[in-house]
Every structure is written in structure tokens, then in C-alpha cells.
There are 2 protein chains.
Amino acid sequence: MTDLVPSQSEQDYLKAIYHLTYGEAKERTGPAALAEWLGFSCASATNMVKKLTERGLATHSPYQGVALTETGEKVALEVLRHHRLLETYLSERLGVPWEKVHAEADRLEHALSEDLEDRIDAALGHPTTDPHGAPIPTKEGIIVAPATQPLATTLPGTTVTVTAVADENPALLTYVADLGLVPGATVEVLRKGPFDGPLHIRIATTEYALGEKVAWAISVMVGSSDASTGVEHESRGTHGKVKRMKAES
Amino acid sequence: MTDLVPSQSEQDYLKAIYHLTYGEAKERTGPAALAEWLGFSCASATNMVKKLTERGLATHSPYQGVALTETGEKVALEVLRHHRLLETYLSERLGVPWEKVHAEADRLEHALSEDLEDRIDAALGHPTTDPHGAPIPTKEGIIVAPATQPLATTLPGTTVTVTAVADENPALLTYVADLGLVPGATVEVLRKGPFDGPLHIRIATTEYALGEKVAWAISVMVGSSDASTGVEHESRGTHGKVKRMKAES
DNA sequence: AAGGAGATTTAGCCGCGGCTAAATCGTAAA
DNA sequence: TTTACGATTTAGCCGCGGCTAAATCTCCTT
């Protein structure tokens with residue numbers, strides 16, 4: 001019998017595959033995207049993909065891309081739960097600033113026991129989203145993804161509510177936080193510059209021009225009234241594809 | 001230039017060397033003791049000792065035993081600080097039971113950033129001892145060791161105060177906690193059985209007979225009145241040897 | 001249909017940090 | 001003094017998870 005529990009590296013790859021498929025509305029990814037995401041070489045990614053497939057955590061045939069199996073996705077969601085619970089705890093209880101919690105959680109997530117996970121969850125009152133607005137998977141591996149879209153694709157003239165901000169980039173986080181572009185904020189989309197031009201928005205009474213990268217990192221919910229239609233359930237085994245979040249963490 | 005920061009394995013070995021020398025009033029240890037402490041083979045211990053010596057973290061000549069250099073001890077004390085701060089935090093803020101905090105902290109200590117260390121330290125109000133009574137080194141690598149002795153060597157007829165309990169063994173911790181033998185408790189030593197016989201003690205109004213192992217795991221402070229003579233300063237570079245704690249964590 | 005660029009895979013290397021087996025040392029007992 | 005045993009060291013192996021270089025495949029363009 002091979003090791004029952006995936007190694008830290010394996011967990012990192014599973015998390016990455018999850019991000020690159022479920023996070024971007026794609027079915028499968030390739031080693032190149034994985035390698036870039038993790039900062040490794042393509043060859044390393046291919047090797048690990050082969051190993052994960054042998055272990056039954058991913059499906060992969062040569063040149064056909066990778067996807068997670070049910071058990072692989074389950075592992076990824078467990079790691080993601082650890083990550084987002086830690087982010088929330090560090091932010092709420094220890095005052096770690098917004099833009100730093102991701103890096104801290106990345107190092108701590110693999111050392112978190114089930115028992116501690118439960119204690120943190122309880123201490124926080126069973127939170128459903130992390131400080132960046134990303135949903136926290138349940139212990140059973142169910143993740144509730146709000147029906148959102150990137151701010152970048154929002155039609156000018158619309159007023160929207162920010163639900164989440166991708167948390168990978170500290171500098172970007174600091175920048176958008178300064179603007180008040182945090183989950184819950186209301187934004188009026190004014191107009192879009194030509195081609196890759198800036199997106200003009202208004203927050204409260206101030207206008208800003210956002211670059212492409214920033215506009216894509218922000219998830220928004222259209223309208224602001226009806227809460228019940230704002231979420232859908234997404235779980236392992238779901239057949240009908242639902243709109244998934246762009247925001248990572 | 002070699003890696004600036006010791007690997008997790010190296011840190012574990014440094015911590016072990018610290019325990020086996022400073023923890024037991026010995027000057028040096030051998031690979032055998034190290035190997036047993038960590039659960040590795042003697043050969044592995046010898047290898048690592050050689051590497052630590054090359055890195056300037058330990059001193060070692062063949063067949064002469066190992067000791068930490070100043071910088072090695074500094075690293076060990078940093079890890080120990082992480083460990084004991086985490087123990088305290090987990091116990092105080094997340095309700096992790098006494099006998100489990102050691103194992104949790106062992107996994108988390110290597111993933112703790114300096115920033116988080118400071119935040120935890122501040123959140124706890126800069127504690128000086130962990131839940132088992134062991135002193136927490138300062139950020140500067142100074143550890144204040146109370147002048148204590150094992151309960152096992154305490155003369156019958158004496159009344160002493162428990163200062164610390166070795167935290168490695170969960171079963172033992174549960175046992176002594178049940179008896180009320182926690183830091184701060186007052187114990188009257190009644191008599192010692194012959195040879196390896198039990199140590200009879202009284203806590204409050206109840207009498208107990210303790211085995212050798214338990215009696216050695218408990219550190220006590222003789223008398224209970226004068227606090228100023230109860231501690232001494234021990235720091236890197238101290239020449240005069242001071243009585244050091246038996247309790248580990 | 002042919003060519004070529006980029007993605008993917010394979011082959012083979014490396015350091016880390018475990019391991020066992022075998023050689024060597026040092027000491028305490030005969 | 002010799003011997004034997006335990007502690008230490010050396011030699012050499014392994015899996016993990018990175019890497020580079022080279023081979024191969026896919027697909028898009030010409």
C-alpha cells in the first residue's frame with residue numbers, strides 16, 4: 001500500500017490543479033500552466049501529474065491535460081478549507097494585514113491537524129468566506145460559490161457589489177484596499193477605455209481608472225438586492241456547470 | 001554560499017541537541033542519544049551531526065560527542081521559542097488540551113514567521129512560561145531557567161511547589177493533571193520506597209504513590225516563599241554553570 | 001499537405017535525508 | 001594485557017522532488 005496521505009508537494013499540485021480548472025471555468029489544464037502557477041519547470045509538473053494519476057488523485061492521458069478525480073478534488077478542498085480558515089483566523093484574531101494572510105496560510109495549512117481545524121472553525125463561528133471574499137469549503141468538501149463575474153466584464157452603467165478579490169498578489173491587495181475596493185463595497189462602472197484601456201469606476205464619490213489586471217482580479221455580484229438568487233450550490237459530482245469564481249486563495 | 005536558513009530537519013536536530021545537553025546538565029551528547037530521541041538510526045544522526053558541524057552550528061570531532069555553537073544554540077532557542085509560544089497560544093486561545101499541545105506545536109513551529117511570532121507573543125501579553133511550566137526564550141535568545149530539581153530527588157519531609165512537567169508524553173501528562181500535579185501545585189513529599197519503589201506524596205489532603213518515571217518528569221522549586229532567589233539568568237555565553245531544567249517541551 | 005512553434009514527455013542528473021551493513025574505535029571486564 | 005561489546009563512523013543504497021537537455025507530439029499557419 002502506498003502512502004495514505006498525500007505529501008505536501010502533492011497537496012500543492014492538487015490545489016493548483018483545482019485553481020486552474022474550477023477557478024477558471026476550464027475542464028482540464030496542462031503541465032505548462034501548472035508549472036507557471038507553482039514556479040516549477042514543465043518537466044517537474046509532468047512528473048507530478050503522472051504520480052498523482054497513478055495514485056488515483058488525477059486523471060491524465062498524454063497530451064490530454066489533467067483533471068482531478070473525486071478523491072483528488074476532495075483532498076484539494078480539504079487543503080483549501082485549511083487555507084481559508086487560517087486566513088480568516090489570522091486576519092480576525094491576530095490582526096495580520098489583508099495582503100499578508102495568504103502567504104502565512106500557505107505555510108501553515110499543511111501543518112494543521114483536523115482537531116485544530118475544528119477548533120479554529122468553531123472559534124470563528126463557522127465562517128463561510130475568507131477575508132478576501134472567497135468561500136470556505138465545508139468539512140464535507142462542499143463549496144458554495146456565489147454567482148459572480150469579474151469586474152472587467154461588467155457593462156458600463158451598472159452598479160455592482162464587490163464579493164471577492166484574488167489574494168495572490170500582496171501589492172494588488174494593498175492597492176485595491178486603499179481604494180476601498182473590498183468585499184461588500186459598492187462600485188459604479190462608468191466606462192471602459194479602448195482596447196486594453198482603463199476601466200473607469202466610481203466608489204462613493206471618487207472616480208478611479210483601473211488597469212486590466214486589477215479589473216480581472218475583482219469579483220462582483222450584479223445588482224445588490226435579491227440575496228437568494230445570488231448563490232448556487234456547487235459540490236463534487238455536480239453535473240450542470242455553474243459560474244465559478246475567479247478569485248483565488 | 002550555503003543556505004542561510006537551516007532546514008526543518010536541521011532545526012529538529014539542533015533542538016534535540018539542545019534538549020540532550022542543556023536539558024540534562026551534560027556538556028555533549030552522542031549520536032546514539034540523538035538518534036533515540038528523534039527516532040532515527042545512529043548513522044543518520046552521525047551524518048546530520050557532520051553537516052551541522054560543517055555549517056558552523058555544532059562542534060564535533062569523531063568519538064567526542066556533539067555540542068552546539070553559539071549560532072547553533074541561537075537557532076535552537078528560536079525554534080524553542082516558536083514551540084513554546086505556540087503551545088501557550090493553542091492552550092489559552094484555542095482550548096487545545098494540555099497533553100496535545102506539544103504534538104501540535106511540533107508541526108506548526110517550522111511554519112511560523114517572525115511576524116506571526118510577534119503577534120502571538122503580543123496577543124498573549126509576552127508570556128514567560130508555556131502551559132507545562134517551561135520557560136519561553138526571549139527573541140534575543142535568552143532563557144530564564146528557574147532553579148529547580150526533579151521531584152524524584154526531593155528529600156522526604158519537604159514541601160515543594162511544582163514548576164514544570166515534561167511535556168513529551170501525553171499519557172503521563174493526562175495522569176499528572178488528573179492528580180492535580182500542575183505548575184503551581186503544592187506537594188508534600190512523604191517518603192520514598194526502597195530501590196525503584198514509589199515516591200509517596202500528598203497533594204491537598206490526598207496521598208499518592210508515584211512511579212520513578214513520573215517523579216523524574218516533574219520539576220519542583222524548593223520552599224515557596226522567596227521569589228527573588230527562585231530564578232537565575234542563563235544566557236548564551238554564560239560561564240558559570242547554572243542548574244538547568246529537566247522538563248522538556 | 002508541409003512546416004514550424006510551442007506544449008508535452010522522456011531521460012538522466014542532483015541534493016536532501018532517511019536506511020542497512022560493515023568497518024572501526026574505546027572502554028570495561030576477563 | 002587481551003578481548004569483547006557497544007558506540008561511532010563509513011560506504012553505499014533508496015525515494016522524493018526539484019532540474020536541464022533532448023525527443024516527441026499537436027496544432028496552426030502557410
Side-chain angles (χ1 to χ4, degrees), chain A residues 1-17 20-21 24 26-67 72 75 79 106-107 109-111, chain B residues 1-17 20-21 24 26-67 72 75 79 106-107 109-111:
Chain A
M1 199 58 174
T2 143
D3 252 4
L4 299 88
V5 46
S7 71
Q8 181 162 333
S9 289
E10 288 170 330
Q11 289 179 29
D12 286 338
Y13 274 96
L14 292 172
K15 207 172 46 152
I17 297 172
L20 294 174
T21 54
E24 317 218 327
K26 289 159 62 179
E27 290 293 339
R28 317 181 77 81
T29 343
L34 268 179
E36 160 152 32
W37 183 270
L38 293 167
F40 295 143
S41 72
C42 287
S44 299
T46 299
N47 279 340
M48 183 56 89
V49 161
K50 207 195 311 176
K51 189 205 284 193
L52 292 174
T53 302
E54 283 161 5
R55 287 219 184 181
L57 297 168
T59 59
H60 168 71
S61 22
Y63 300 95
Q64 296 307 119
V66 212
V75 173
V79 179
D106 251 5
R107 269 178 290 108
E109 65 190 7
H110 301 293
Chain B
M1 200 57 171
T2 143
D3 253 3
L4 298 89
V5 45
S7 72
Q8 181 160 334
S9 289
E10 288 170 331
Q11 289 179 28
D12 286 338
Y13 274 96
L14 291 172
K15 206 172 47 152
I17 297 172
L20 294 174
T21 54
E24 316 217 326
K26 289 159 63 180
E27 289 294 339
R28 318 181 76 84
T29 343
L34 225 38
E36 159 150 36
W37 183 271
L38 293 167
F40 296 143
S41 72
C42 288
S44 299
T46 299
N47 279 340
M48 184 56 88
V49 160
K50 207 195 311 177
K51 189 204 284 192
L52 292 174
T53 302
E54 283 160 4
R55 287 220 183 181
L57 298 167
T59 60
H60 169 72
S61 23
Y63 300 97
Q64 295 308 118
V66 210
V75 172
V79 179
D106 251 3
R107 268 177 291 109
E109 63 189 9
H110 300 294

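Just so it is clear, the values below take in all heavy atoms, side chains as well, and ignore hydrogens, waters and symmetry mates. To find a chain, count down the sequence lines: A is the first, B the second, and so on, and within it residues start at 1. Note that the coordinates shown come from a computational prediction; the quantities given were computed from them, not determined experimentally.
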Any chance you could measure B/T46, atom OG1, to B/L34, atom CG, to the nearest 0.5 Å? 9.0 Å

Starting at [atom1] of [X] and ending at [atom2] of [N], how long is that distance when rounded to a whole Å?
| X | N | atom1 | atom2 | answer |
| --- | --- | --- | --- | --- |
| B/L34 | D/dA7 | CG | P | 14 Å |
| B/N47 | C/dG17 | CG | C1' | 8 Å |
| A/Y13 | D/dC16 | OH | P | 14 Å |
| B/E54 | C/dG17 | CD | C1' | 14 Å |
| B/Q11 | C/dG17 | CD | P | 11 Å |
| A/L52 | D/dG17 | CG | C1' | 12 Å |
| B/K50 | D/dG12 | NZ | C1' | 12 Å |
| A/M48 | D/dC19 | CE | P | 11 Å |

With heavy atoms under 4.0 Å as the rule, sort [X] into base, sugar-phosphate or nothing.
| X | value |
| --- | --- |
| A/A32 | sugar-phosphate |
| A/S9 | sugar-phosphate |
| B/A43 | base |

Should [X] be listed as having a side-chain N or O under 4.0 Å from OP1 or OP2 of [N]?
| X | N | answer |
| --- | --- | --- |
| B/H60 | D/dT8 | no |
| B/S44 | C/dG17 | no |
| A/S7 | D/dC16 | no |
| B/T46 | D/dT8 | no |
| B/Y63 | D/dT10 | no |

Check: A/S61 side chain, A/Q64 main-chain N or O, donor-acceptor pair, under 3.5 Å: no

Could you walk me through whether A/T53 and A/T59 pass the side-chain contact (heavy atoms from CB on, under 4.5 Å) check? CA-CA 5 Å; A/T53 302; A/T59 59; 5.7 Å; no

For A/Q64 and for A/A45, find the nucleotide of DNA chain D with the closest heavy atom, then tell me which residue's nucleotide is more 5'. A/A45

With nearest nucleotide decided by heavy atoms, which residue, B/T29 or A/K51, maps closer to the 5′ end of DNA chain D? B/T29

On a heavy-atom basis, the closest approach of B/A32 and B/C42 is CA-SG, 3.9 Å

Non-hydrogen side-chain atoms of A/V75 and A/E10 separated by less than 4.5 Å: no

